[in-house]
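First comes the structure, then the notes that go with it.
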Amino acid sequence: MAEGARRPLIMGNWKMNLGPADAAALAGALLDSLPAASAADVAVAPPFISIGPVGRRLAGSEAIILGAQNMHWEERGACTGEIAPPMLVEAGVRMVILGHSERRTLFGENDDMVGRKVAAACRHGLVPVLCVGELESERDAGSTLEVVGRQVRAGLQAGAPPSCDGLVLAYEPVWAIGTGRTPTLPEIQDVHSFIRNEVRNIAGKEIAAKVRILYGGSMNPGNSVEILALPDVDGGLVGGAALGSASFLAIVAAAAD
Ligand code: PEP
């Protein structure tokens with residue numbers, strides 16, 4: 001579990017699921033069931049079109065942070081299909097997932113683009129959730145730390161910390177996302193501790209001690225207790241198990257324990 005001042009964060013990544021009505025209904029169900037004062041931060045990242053309705057459902061409550069799954073780095077312009085940082089801010093979004101492996105592998109996002117996005121989020125007062133993680137072939141080749149280190153350095157290249165308040169990273173082994181497989185507990189702890197060390201090298205020890213590093217990849221109510229108990233795991237980025245209120249709330253409860 002997160003030590004010292006690091007408050008755990010559980011973030012639901014709803015991916016391309018839940019249109020406006022269903023997303024608002026899930027947000028409402030979560031809001032109704034969350035304890036008034038939780039020891040963990042909770043965030044949800046609906047699809048863009050559902051952000052407005054979810055934001056309206058959450059309005060007036062501090063219990064759930066509104067997130068987004070992606071954004072462009074420019075403020076405006078001829079970028080058909082993209083969403084700019086000020087648009088997210090205007091919609092009440094406070095956190096944004098950047099560099100998710102599905103963006104990298106399915107939509108061609110590279111380290112340079114992810115770095116620009118992280119810097120843009122920081123400039124606009126959005127908390128970036130910078131995702132990093134190795135492919136299965138990279139783990140098999142023994143290059144996990146090399147890949148993750150490169151992604152962390154590139155993601156923070158454009159000067160995210162120390163100007164970026166609340167910076168969050170998420171370690172998501174690509175082969176663990178949506179597969180039901182997870183690394184062993186020591187493997188997770190090793191990578192998280194390595195990431196914190198990389199942040200220390202880039203931004204200094206105070207920021208490294210504060211930065212929250214989430215684990216993502218097939219987290220569920222059954223495995224969350226042990227994963228969240230690891231010293232450098234400060235929460236979870238949850239996909240499949242975030243689509244049901246009971247499973248998501250069970251993970252939140254594990255984090256708040
Ligand atoms: C994710 O896509 O961020 C994720 C962790 O998905 P899942 O929990 O379904 O593996």
Side-chain angles (χ1 to χ4, degrees), residues 8-18 22-23 26 30 40-48 50-51 54 64-71 93 95-109 114 117-118 121 127-136 138-139 144 147-148 151-152 155 167-185 187-189 191-192 195 212-228 230 232-255:
L9 166 66
I10 302 296
M11 183 169 200
N13 174 14
W14 293 353
K15 309 196 188 194
M16 198 171 67
N17 299 290
L18 307 177
D22 289 341
L26 178 55
L30 295 175
D41 286 340
V42 179
V44 296
F48 285 134
S50 302
I51 283 177
V54 169
I64 301 180
I65 298 164
L66 185 59
Q69 301 174 19
N70 182 29
M71 63 170 207
V93 168
M95 284 189 171
V96 57
I97 299 170
L98 297 172
H100 189 280
S101 69
E102 287 150 18
R103 299 297 319 166
R104 294 179 191 259
T105 57
L106 302 177
F107 301 101
E109 283 191 18
V114 175
K117 290 180 180 205
V118 171
V127 170
V129 179
L130 167 60
C131 299
V132 299
E134 81 285 2
L135 302 170
E136 185 161 29
E138 292 166 334
R139 176 161 283 270
T144 296
V147 170
V148 168
Q151 291 173 336
V152 171
L167 174 73
V168 176
L169 284 99
Y171 170 52
E172 299 206 301
V174 180
W175 52 274
I177 295 181
T179 60
R181 296 160 59 206
T182 57
T184 64
L185 296 173
E187 284 168 346
I188 295 174
Q189 169 56 27
V191 179
H192 278 239
I195 291 172
R212 290 187 286 189
I213 307 173
L214 314 183
Y215 169 77
S218 298
M219 186 180 267
N220 60 43
N223 62 23
S224 59
V225 174
E226 283 185 315
I227 294 174
L228 293 167
L230 294 168
D232 282 295
V233 174
D234 306 310
L237 183 54
V238 185
L243 293 174
S245 59
S247 50
F248 187 65
L249 290 167
I251 297 173
V252 171

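The figures that follow rest on heavy atoms only: side chains count, while hydrogens, waters and symmetry mates do not. Numbering of ligands and ligand atoms starts at 1, following listing order. What you are looking at is a predicted structure, and each value in this text was computed from that prediction instead of being measured.
- For a threshold of 3.5 Å applied to N or O pairs, the pair formed by L237 and ligand 1 contains no separation below that value.
- Of the inter-residue distances, the one linking N223 atom CG with S218 atom OG reads 7.5 Å to the nearest 0.5 angstrom.
- Residue contact check: G217 has heavy atoms under 4.0 Å from atoms 5 (C), 10 (O) of ligand 1.
- The nearest protein atom to atom 1 (C) of ligand 1, hydrogens excluded, is given as H100 NE2, 3.2 Å; this is a heavy-atom distance.
- Defined by atom type and a distance below 3.5 Å, a donor-acceptor pair is missing between the side-chain atoms of W14 and Q69.
- For atom 10 (O) of ligand 1, the choice among G178, G133, G239, P173 with the nearest heavy atom turns out to be G178.
- With ligand atoms numbered from 1 in the order given, ligand 1 contributes 7 (P), 8 (O), 10 (O) to contacts under 4.0 Å with heavy atoms of S218.
- Under the 30°/60° scheme for interplanar angles, the aromatic rings of Y215 and H192 are found to be tilted.
- Within 6.0 Å of CD in E226 there are 12 or fewer heavy atoms belonging to other residues, nucleotides or ligands.
- Under 4.0 Å from ligand 1, the heavy atoms of N13 that appear belong solely to its side chain.
- An N or O contact shorter than 3.5 Å links K15 to ligand 1 by distance.
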Next item on the list: Evaluate the criterion side chain to side chain contact (heavy atoms under 4.5 Å, CB included) for residue pair I97 and C131; output intermediate values, then yes/no.
Entry: CA-CA 7 Å; I97 299 170; C131 299; 3.6 Å; yes
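- Counting only heavy atoms of the protein, atom 5 (C) of ligand 1 lies nearest to E172 OE2, 3.0 Å.
- Residue G240 approaches ligand 1 through these ligand atoms, each under 4.0 Å from one of its heavy atoms: 7 (P), 8 (O), 9 (O).
- We find that E172 and R104 are not joined by a salt bridge, their nearest charged nitrogen and carboxylate oxygen being 4.0 Å or further apart.
- No hydrogens or angles considered: nothing links the side chains of Q151 and Y171 as a donor-acceptor pair under 3.5 Å.
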